[in-house]
Number of protein chains: 4
Amino acid sequence: MSEPQTSIKPHDAARQALVEHRSRQLLDAAARLMERDGSEAVSMQALAAEAGVSVGLIYRYFGSKDDVLLAVITDVLGAFSTTVPEAVEEAGEDPVRRLAAAFAAYCRVIDSHRHAAVLTYRESKSLDEAGRDRIKRLEVETSEPLRAAVRDGVEAGKLVAADPDLVAYNLLLLAHAWALKHWYFEQTRTLDSYIRDQLALALRAILADGLGDAYADLLSVGR
Amino acid sequence: MSEPQTSIKPHDAARQALVEHRSRQLLDAAARLMERDGSEAVSMQALAAEAGVSVGLIYRYFGSKDDVLLAVITDVLGAFSTTVPEAVEEAGEDPVRRLAAAFAAYCRVIDSHRHAAVLTYRESKSLDEAGRDRIKRLEVETSEPLRAAVRDGVEAGKLVAADPDLVAYNLLLLAHAWALKHWYFEQTRTLDSYIRDQLALALRAILADGLGDAYADLLSVGR
Amino acid sequence: MSEPQTSIKPHDAARQALVEHRSRQLLDAAARLMERDGSEAVSMQALAAEAGVSVGLIYRYFGSKDDVLLAVITDVLGAFSTTVPEAVEEAGEDPVRRLAAAFAAYCRVIDSHRHAAVLTYRESKSLDEAGRDRIKRLEVETSEPLRAAVRDGVEAGKLVAADPDLVAYNLLLLAHAWALKHWYFEQTRTLDSYIRDQLALALRAILADGLGDAYADLLSVGR
Amino acid sequence: MSEPQTSIKPHDAARQALVEHRSRQLLDAAARLMERDGSEAVSMQALAAEAGVSVGLIYRYFGSKDDVLLAVITDVLGAFSTTVPEAVEEAGEDPVRRLAAAFAAYCRVIDSHRHAAVLTYRESKSLDEAGRDRIKRLEVETSEPLRAAVRDGVEAGKLVAADPDLVAYNLLLLAHAWALKHWYFEQTRTLDSYIRDQLALALRAILADGLGDAYADLLSVGR
DNA sequence: GATGAATGAGGCTTCATTCAT
DNA sequence: GATGAATGAAGCCTCATTCAT
């Protein structure tokens, strides 16, 4: 960011690769740890042990524990910004199908980073104002595919939503809820049935009249 | 031994009142602290300072820090179990109106205990298995009015919901979301508009055909 | 001690009786507590609870926790100064039999105050210099019957001891050892067999030549 | 992973040495503290200050305060298991001389770890069941040389003891007594005279008839 | 006399962070 | 680049002691 980039020396490339590798190694270890022991239990020494590096090394790649936390969260949010748009594209042109695909992709990312996802909800003193703001901005940004799909649907006359942003944000929340209230939903649902049922419910509220048949597959419920 | 035991000593009543008063004092202080500095700030010393008592005194009323946290959460959940049913009763017989009243009441309780409500989402090592289980049970229990209203509505033919429990739980989540994502919603909404819009959106998904006019007031959106 | 004693008013007698009763009540409770939970576990609140009085009351009878400890120890040592001489008197004129009786009495008192006896060995910061000195003086004093018996025996030509004081003090130590190393001795011995065997062993070292037959009963070992 | 594993890294040796050094440093500091201020003074902060290290560092070498205490005690008991057998060997073949040497060695170890030795007698809540058991076992084990010497003496016909274990354990106790009742013995004795007199007294009880002349040097008393 | 609520210093332990090697 | 020993502030909790009632 503040590094001079006038000419990329081969040395720099190697360094860059190492930084990449170490960061990934640490981020994965952190995620693994949170998954295993809960996100509270991640001390820097535990993280070092899990990643198989020394404590000191962490500080070479992340300025502080906050930075690690921030990076873990950013990492998840980053997963959204690549995975979700991909899924949307694959869904084709239809805004309703795109919306469905976006929500499903959202839920799947959440599912594979369950504990990291919950982190977003920790209003920790550790994360300073700047960090929190960045996360909030990122979260809003990554929800953009959902928002766009809803808007497109409305414009195309296939969806009816007085407040497209609210609809989109609710879907985001329900995706998060899969992680937040996993203890509740897992009693009666699989990830797939969760996605299907929530989607069906949401569409019922916003699908334009007469389109029920066209999207019957998305409106079906139960197993 | 040499004490007269003819009747319940007035002393006991006084003691009971003191216990009540101290507990309230501490719980309120804890809530205040979370409101002001974030829920991380609830150290025992900070709590003591905020409540204007000594650290040792806290331990006369709560066995440990866990107990305090548990009590704060229980306190909020307790507020649901008195406020929500009252609101539902006042709403009359109609299940749709009862549902609306329940959701509104939920949101209002959340709003007045915003930071304590967020506590439920903290998977802290502090709360042990038993404590977490108790909270989960309580949460499910307190969501019962919502569930009952949805079920009644379905039975009365006024609502159409393939999975009433999911509908009810989603409403619960959206009520919580007012606290969890307050930073987001407060940019564009007041509590009242939040309640109105979320309710309208939810009803659109489940209101039986042809009842739109009867509940037009609940379906209106915007400011 | 520093109270004026010019005339004993009936009121004073009553007060005196109460003081006596309360002290006994507290001392017994303390002993009970030490017996049950180990002498470390005796907090003032635990003592109050065990004695069935309030914390504050303890401070009316004992100036501090140290005082209570001191009193408990003094209490045990006091038991020696009444019980042991009595036992010695009952044993008759013979110094050897008096010695045997003294040792047995010592052991029995120790046995019935096992945990309190161990207290003497705690070099606690709690007990100040004055307290420690007082205990040491008392201990030396209460061992006097043993010492006297040994000296008499030597004078009477029935015992041979280059250092009567050492002999007497060793016996005192062995009596204490019944409490200190109870976990060891209880594996193979009862109190009675402990007394008998230790006495037999000690007498072998000091009994004058040719008296073995006269005290054959004291020299027998085993069960 | 990328580390060469051809041989044991010299690094490990250095680490081992550091661990050794730190443990010794801390154990010595603990002993010094007990010596100076009494065994109550061993708070973790006091220990850190005395050892000239930080509080946190202690926890790198000992898991808890219990561990430190246990290690201090184990340390003394360890001194027995090396020093005493050596002294016994140097004493030659004769079981009586071996016994004398063992007792003297015992007393000398006790003398140089006086306050730590007293620790064994503290039935602290800190030491848990496992710790106490371990100490008890160690203590019994380290008294083995004494026991062996007595048994050998009996077998060789040089000692007469109905209960060799009791004789040995008493000698152990008397060695401890030098620490426990140092305030008493130091009034009239040096360590050397203590050893001599106690040994003489003990031998009188168990030396076989007619051997008084052979061991006259061990039976002499006084200064 | 008696109570017990209240205090707060002090003890144990954890863990983010630094720095010499 | 990497290590991990070392630091020390901060958190939780206990308990001897006081004092208003």
Side-chain angles (χ1 to χ4, degrees), chain A residues 14-15 18-19 22 41-49 52-68 126, chain B residues 2-3 11 14-15 18-19 21-22 40-49 52-68 125-126, chain C residues 14-15 18-19 22 41-49 52-68 126, chain D residues 2-3 11 14-15 18-19 21-22 40-49 52-68 125-126:
Chain A
R15 183 185 302 169
L18 179 55
V19 168
R22 286 298 196 198
V42 185
S43 74
M44 293 303 261
Q45 2 267 4
L47 175 54
V53 300
S54 68
V55 197
L57 193 63
I58 305 180
Y59 283 85
R60 194 167 277 278
Y61 293 93
F62 300 94
S64 70
K65 192 182 182 182
D66 298 3
D67 277 16
V68 178
S126 40
Chain B
S2 55
E3 288 292 328
H11 199 67
R15 172 141 57 220
L18 179 56
V19 169
H21 168 251
R22 285 299 192 201
E40 305 283 325
V42 189
S43 78
M44 294 307 259
Q45 356 276 338
L47 176 53
V53 300
S54 67
V55 184
L57 192 64
I58 304 180
Y59 287 86
R60 180 172 279 276
Y61 296 94
F62 301 93
S64 70
K65 193 184 177 180
D66 297 10
D67 274 18
V68 178
K125 77 180 159 201
S126 41
Chain C
R15 184 187 303 173
L18 179 55
V19 168
R22 285 299 196 198
V42 185
S43 73
M44 294 303 261
Q45 3 267 9
L47 175 53
V53 300
S54 67
V55 196
L57 194 64
I58 305 179
Y59 283 85
R60 194 166 276 278
Y61 292 93
F62 300 94
S64 70
K65 192 182 180 180
D66 299 3
D67 278 15
V68 177
S126 40
Chain D
S2 55
E3 289 291 327
H11 199 68
R15 172 141 57 222
L18 179 57
V19 168
H21 169 250
R22 284 299 193 199
E40 305 282 326
V42 189
S43 79
M44 293 308 258
Q45 354 275 341
L47 176 53
V53 300
S54 67
V55 188
L57 192 63
I58 305 180
Y59 286 85
R60 180 172 279 275
Y61 296 94
F62 300 93
S64 69
K65 192 183 179 181
D66 296 10
D67 274 18
V68 178
K125 78 179 159 202
S126 40

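Treat the numbers as computed from the prediction; the structure is a model and nothing was measured. Within every chain, numbering begins at 1; the chains are lettered A, B, ... in the order of the sequence lines, protein sequences first and strands thereafter.
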Closer than 4.0 Å, any side-chain N/O of A/S54 to the OP1 or OP2 of F/dG4?
-> no

Under the side chain to side chain contact (heavy atoms under 4.5 Å, CB included) test, which residues partner A/S43, sequence neighbours left out?
-> A/Q45, A/A46

Any donor-acceptor pair under 3.5 Å joining the side chain of C/Q45 to the base of F/dA16?
-> yes

Smallest heavy-atom separation, C/L18 atom then C/Y61 atom, equals CG-OH, 3.8 Å

Nearest listed nucleotide, side chain of B/V55, among F/dA6, F/dG1, F/dC13 = F/dC13

Under 4.0 angstrom between B/R22 side-chain N/O and E/dA6 OP1 or OP2 = yes

Excluding sequence neighbours, so at least two apart, what forms side chain to side chain contact (heavy atoms under 4.5 Å, CB included) with C/V68?
-> C/M44, C/L47, C/I58, C/F62, C/V72

Is there any protein nitrogen or oxygen under 3.5 Å from a nitrogen or oxygen in nucleotides 19-21 of chain E, and what are the pairs?
none

Check whether any side-chain nitrogen or oxygen of C/R15 sits under 4.0 Å from OP1 or OP2 of E/dG1, and answer yes or no.
-> yes

Minimum-distance nucleotide to D/M44 side chain [options: F/dA2, E/dC12, E/dA6] | E/dC12

Go through E/dA2, F/dT7, E/dC15 for me and flag the one nearest to the C/Y61 side chain.
-> E/dA2

Consider the side chain of D/K65, meaning its heavy atoms from C-beta on, and name the nucleotide among F/dG4, E/dG11, F/dA2 that approaches it most closely.
-> E/dG11

Can you name the side chain to side chain contact (heavy atoms under 4.5 Å, CB included) partners of D/S54, sequence neighbours left out?
-> D/L57

Nucleotide of E/dT13, E/dG4, F/dA6 approaching D/L57 most closely (side-chain heavy atoms) = F/dA6

Where are the stems of DNA chain F, defined as at least 3 consecutive Watson-Crick or wobble G-U pairs with both distances under 3.5 Å?
-> E:2-21 with F:2-21

